[in-house]
Q: 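Pasting a structure here, questions to come.
Numbering of residues begins at 1 and proceeds along the displayed sequence. We count ligands from 1, going down the list as the structure has it; atoms in each ligand are counted the same way. No hydrogens, no waters, no symmetry mates; every other heavy atom, side chains included, goes into these values.
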Amino acid sequence: MELQAAIKERKSIRGYLDKPVPKAVLNQILEISVRAPSTKNTQPWQFYVVTGAPLAQLKKANEDRFTRYEAPPAEMAHTLIEPEKGTVYRDRQVDIGIRLFNAMEIGREDKDKRIDWMKRGFRYFDAPAAIIIVGDKSSPIEWTYLDAGLVIQNICLAAVDFGLGTCIENQGIMYSDVLRDIVKIPDDKRLVVAIAIGYPDDDFPANKVISPREKVEDVVTWCQ
Ligand SMILES: Cc1cc2nc3c(=O)[nH]c(=O)nc-3n(C[C@H](O)[C@H](O)[C@H](O)COP(=O)(O)O)c2cc1C
């Protein structure tokens, strides 16, 4: 597939077929993706690929924690930050939420359906695999997030080429203590983000949502 087509085709997938992704495919995606550039070639990323029984355990533990409305550990406090009210960033966040809820027929006041939707995120959208991206705490945090972002986008694009869908998600790492416990992520690693990955269920309503983008002319300044 052409790169431009893959970039345009990629979108967050929040409903998956009950079909495992071969380990060889996941490995190939990572092999390609680690060609990402990084600050001073430090490659400050590591991956925990979770499937099968540990993933089932993780989904349940995350969902249980959310159901008890437990706050995430202090190291994950940033995952609760919302865009500032009155900014375009907040407007865009609200807009994508409305689009997803409309697609899923979740009403404004339907608290139970909204909670079920949140739970789905904590279950990695019922994907057959999740990739947890971590960095080393000895690396500057700015490098870690920027460099990890590059490898994360590579993973999402490479996945498209294999007919797979992905959803990058903070929800999947919010309860970091659960991940550290079940996936055995050491304390000297910083949890960056999770990627749910699997074969898209094309009939799942939220998968039909195309998130909008601002026009480039509104976000570019040409100095010439
Ligand atoms: C760092 C990051 C964290 C995200 N966390 C979540 C999440 O917790 N739950 C979710 O449903 N989507 C999450 N997303 C997906 C975004 O909502 C999505 O990328 C955005 O709305 C644009 O839509 P698109 O990916 O379909 O183009 C996250 C994306 C990024 C980059």
Q: Students should be able to answer this: which protein heavy-atom is nearest to atom 9 (N) of ligand 1, and at what distance?
A: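 The answer is Q171 OE1, 2.9 Å.
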Q: For the atom pair CZ (R14) and CE (M104), what is the distance rounded to the nearest 0.5 Å?
A: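 It comes to 10.5 Å.
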Q: Which bit of R213 is near ligand 1, meaning a heavy atom under 4.0 Å away: side chain, backbone, both or neither?
A: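 Contact part for R213 vs ligand 1: side chain (C-beta onward).
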Q: Could you tell me whether a side-chain N or O of Y124 sits under 3.5 Å from a main-chain N or O of L58, the two making a donor and an acceptor?
A: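 No, Y124 side chain to L58 backbone: no donor-acceptor pair under 3.5 Å.
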Q: Atom CZ of R123 and atom CG of L55: how far apart are they, to the nearest 0.5 Å?
A: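 If we round to the nearest 0.5 Å, R123:CZ and L55:CG are 11.5 Å apart.
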Q: With V49 as reference, evaluate I132, I195, L26 under the side-chain contact (heavy atoms from CB on, under 4.5 Å) test and give the passing residue.
A: L26
Q: Relative to atom 12 (N) of ligand 1, which among R14, K11, E169 owns the nearest non-hydrogen atom?
A: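 The nearest heavy atom belongs to R14.
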Q: Using a 4.0 Å heavy-atom cut-off, say whether Y145 meets ligand 1 through its side chain, its backbone, both or neither.
A: neither
Q: Please work out whether any backbone atom (N, CA, C, O) or any side-chain heavy atom from C-beta onward of I168 is under 4.0 Å from ligand 1, and answer side chain, backbone, both or neither.
A: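 Both the backbone and the side chain of I168 come within reach of ligand 1.
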Q: Can you tell which of V209, N170, I96, I210 gets a heavy atom nearest to atom 3 (C) of ligand 1?
A: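 Checking each option, the heavy atom nearest atom 3 (C) of ligand 1 is found in N170.
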Q: So which heavy atom in the protein is nearest atom 25 (O) of ligand 1, and how far is it from that ligand atom?
A: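 Result: S12 OG, 2.6 Å.
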Q: Looking at non-hydrogen atoms alone, which of A148, S211, P212 comes nearest to atom 24 (P) of ligand 1?
A: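 Looking at heavy atoms only, the winner is S211.
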Q: Ignoring hydrogens and angles, state whether a donor on the side chain of D91 or Q93 is under 3.5 Å from an acceptor on the partner side chain.
A: no
Q: For S176 and I173, indicate whether the former's side chain and the latter's backbone hold a donor-acceptor pair under 3.5 Å.
A: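 Answer holds: no.
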Q: Nearest protein heavy atom to atom 20 (C) of ligand 1: under 4.0 Å?
A: no
Q: Can you label the angle between the W117 ring and the F204 ring as parallel, tilted or perpendicular, going by 30° and 60°?
A: parallel
